[in-house]
Amino acid sequence: MITLDRLVNVLGAYGVRLCGRPERRSARLRSVAMPDATDGRVTGDVLVAVGAGSVTEAVRWAVAAQATVVLVRAGAETAREATVAGESHDVAVMLVDPAVSWSHLVGVVYGLVLEGRETESGRGPTDLFALADNLADAVGGAVTIEDPLSRVLAYSRSQQAGDPARLETILVRQVPERLRETFRARGVFARLAATDEPVFVEPDPSHGMTGRMAVAVRAGRELLGSVWVTCGNPLTGTRHTALANGARAVALHLLRSRASADLERQVESDLVVRLLEGTADAATVVSRLGLAEARMRVVAVRTHTSEEPHAMLLLAFERATTGFGWSRPGRSTLLGDTLYTILPDAGAAAAREWVAALGAGLPPRVRVAAGIGAAAQAAELPASRREAEECLALHETSHAVPAREVSHAVPVGGPPAYDESWDDILLHRLRAAARAGRVPARGPVSALRRHDGQHDTHYVATLRAWLEAQGDLAAAAERLGVHANTVRNRLRRMSEVTPLDLDDPRKRLAMLITLAAEDE
């Protein structure tokens with residue numbers, strides 16, 4: 001089943017709009033019906049009112065069909081009539097633009113309602129678990145269905161021939177890394193990638209694993225996942241054939257699930273892009289995304305790995321969009337090499353927790369860099385996006401280490417948030433300008449730096465300490481680890497090298513900025 005909220009979000013891309021009944025957006029939808037002149041007992045949660053002469057007639061049909069929502073083709077001028085009729089009969093009315101094809105729209109509605117049942121990802125038919133049960137009965141072993149990254153998509157209830165390794169896999173929802181390394185070393189993944197025939201994996205008592213039969217789930221040349229059966233010996237005869245046929249049935253289920261998921265992701269992505277780029281109807285777009293009209297933050301994320309960088313970014317996008325809209329906090333899109341997510345504002349710490357959870361769902365070798373924009377209203381989200389991008393650049397610069405040297409997906413300290421790190425962002429901008437040669441090449445700081453290089457003095461460090469101590473000789477001396485008289489004497493000699501004008505506040509500010517811009 002799906003919710004009315006999800007139906008509204010997806011159909012909104014086709015010009016369909018909900019009139020009234022906003023409180024019903026969480027209503028669950030399980031069935032679809034169409035009027036039938038030969039059958040007056042048609043019922044369904046969603047009524048597609050093909051042939052209705054008016055909104056009023058469509059609502060009357062919906063009441064008779066015990067429908068929660070009715071789709072009727074009508075122009076925007078009937079919105080008021082639709083709202084009144086719907087509220088008076090407790091039916092949510094969705095107006096379909098007359099230019100939209102019924103045949104196309106009906107296909108989308110049936111696909112969403114009838115094939116959008118819940119799985120771990122919040123999408124795809126629940127009968128993937130039923131298929132695992134049926135397959136387990138046919139082959140006489142416990143079955144798990146996994147995606148290409150060895151994450152569990154479904155599993156059979158049967159524990160026949162089960163083992164500790166299978167139980168651990170189901171509990172953590174993915175094959176433990178030590179088992180993946182074992183399979184990789186034995187060439188199991190390579191064989192699955194090369195053949196459609198089931199492959200036998202020898203038992204490994206050290207990992208609590210009895211034997212396995214594994215078969216690739218494929219659509220054309222694309223590997224969609226795999227089916228695994230616990231068994232002490234290779235399957236033969238009818239059981240071998242049942243496993244091979246079962247893999248083809250799983251492929252069909254996964255393709256249907258992907259089609260539904262891709263449609264919803266595309267609609268969500270398009271709406272998020274509109275908010276990030278700026279739109280006059282930002283509040284309306286936020287509502288269509290199912291977000292509350294409150295302050296939000298933009299989070300920008302990139303993945304870094306020496307292997308399959310684009311695949312890891314797509315995986316991060318998939319993880320960010322996993323689940324029904326009402327079961328996850330953010331809405332996401334991919335632009336270039338960056339994942340952007342709009343999160344309701346619950347503070348920078350909550351955004352960091354979201355990034356950490358996203359990174360935890362990726363392979364250990366992947367490093368996640370992220371930046372968090374300041375809280376903003378819907379119309380201000382483009383500014384939050386720019387802030388997130390600058391924080392992302394800062395995070396990448398401060399953690400520029402090879403992915404193989406990072407033991408956790410998110411570097412220690414977490415990603416910066418603009419409202420907490422605006423000073424670091426400013427300094428980052430200044431340093432970028434300095435590297436581009438956009439600061440004066442000559443001046444007091446440059447003269448003192450040259451003198452230090454030629455005479456092994458410490459004038460630049462002394463100037464920095466004095467400026468940062470706001471002229472307090474004792475504090476500056478403590479920073480440098482010298483006596484206050486030493487600082488006083490250095491300042492005097494420095495003024496002989498170049499004019500400092502330390503009594504001029506503008507000169508002091510300019511020198512402090514120059515030092516910050518040149519600092520690495």
Side-chain angles (χ1 to χ4, degrees), residues 120-122 146-153 169 171-181 261 265 268-269 272 296-323 327-373 384-385 387-418 420-421 424:
E120 182 273 335
S121 68
E146 301 169 8
D147 71 4
L149 294 174
S150 299
R151 295 177 302 179
V152 176
L153 300 176
T169 296
L171 288 176
V172 300
R173 292 298 187 103
Q174 64 182 37
V175 177
E177 189 61 28
R178 68 178 189 282
L179 275 182
R180 281 180 56 82
E181 287 298 329
R265 284 191 175 110
E268 176 178 320
S269 181
V272 170
M296 294 163 279
R297 291 176 183 262
V298 176
V299 180
V301 176
R302 290 197 188 115
T303 57
H304 296 272
T305 178
S306 58
E307 305 173 9
E308 304 175 310
H310 299 297
M312 292 303 102
L313 183 64
L314 290 173
L315 179 58
F317 177 59
E318 178 187 330
R319 299 301 300 176
T321 53
T322 289
S327 68
R328 54 188 168 88
R331 302 293 183 268
S332 304
T333 188
L334 276 179
L335 288 175
D337 61 351
T338 305
L339 163 66
Y340 294 91
T341 296
I342 298 174
L343 292 175
D345 177 38
R352 289 193 186 95
E353 290 176 3
W354 181 88
V355 173
L358 178 70
L362 301 178
R365 65 183 183 277
V366 179
R367 178 171 63 87
V368 171
I372 303 167
S384 186
R385 171 194 176 179
E387 294 163 355
E389 290 170 341
E390 291 197 276
C391 288
L392 171 60
L394 182 65
H395 200 204
E396 290 180 318
T397 301
S398 60
H399 297 90
V401 296
R404 63 179 180 273
E405 299 178 7
V406 180
S407 59
H408 193 273
V410 180
V412 175
Y418 188 85
E420 297 175 351
S421 305
D424 291 325

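Under the side chain to side chain donor-acceptor pair (under 3.5 Å) criterion, E177 pairs with no residue at all, not counting sequence neighbours. By the side-chain contact (heavy atoms from CB on, under 4.5 Å) test, A316 pairs with T303, L339, L362, sequence neighbours left out. For E181, the salt bridge (charged side-chain N to carboxylate O under 4.0 Å, His left out) partners are R184, not counting sequence neighbours. Residues satisfying the side chain to side chain donor-acceptor pair (under 3.5 Å) test with S384, not counting sequence neighbours, are none. Evaluation of the salt bridge (charged side-chain N to carboxylate O under 4.0 Å, His left out) rule for E146 yields no partner, not counting sequence neighbours. Listed by chain and residue number, R352 satisfy the side chain to side chain donor-acceptor pair (under 3.5 Å) test with E420 (two or more places apart in sequence, or in another chain). Evaluation of the side chain to side chain donor-acceptor pair (under 3.5 Å) rule for Y340 yields E389 as partners, not counting sequence neighbours.
Summarising the geometry, atom OG belonging to S332 is positioned 7.5 Å from atom CG belonging to L343; distances are rounded to the nearest 0.5 Å. Rounded to the nearest 0.5 angstrom, S269 OG and L335 CG are separated by 6.5 Å. Put simply, CD1 on I342 and CZ on R385 are 10.5 Å apart, with the number rounded to the nearest 0.5 Å. Atom-to-atom distance recorded for L334:CG and T341:OG1 is 9.0 Å, nearest 0.5 angstrom. Atom CG in L313 sits 7.5 Å away from atom OG1 in T338 (nearest 0.5 Å). In this structure, the separation between CZ on R180 and CG on L149 is 6.5 Å, given to the nearest 0.5 Å.
Side-chain contact between E396 and H304: present, with at least one pair of heavy atoms (C-beta onward) separated by less than 4.5 Å. Side-chain contact between V299 and V355 is present, with heavy atoms from C-beta onward closer than 4.5 Å. Using a 4.5 Å heavy-atom cutoff, the side chains of I372 and W354 are not in contact.
Across P416 and C391, no two heavy atoms sit closer than the pair CG-O, 3.3 Å. Looking at every heavy atom in both residues, E268 comes nearest to R331 through OE2-CA, 3.3 Å.
Residue pairs satisfying the salt bridge (charged side-chain N to carboxylate O under 4.0 Å, His left out) criterion with at least one member in residues 337-349, sequence neighbours excluded, are listed as follows: R297-D345, R302-D337.
Side chain of H395 to backbone of A370: a donor-acceptor contact under 3.5 angstrom is found.
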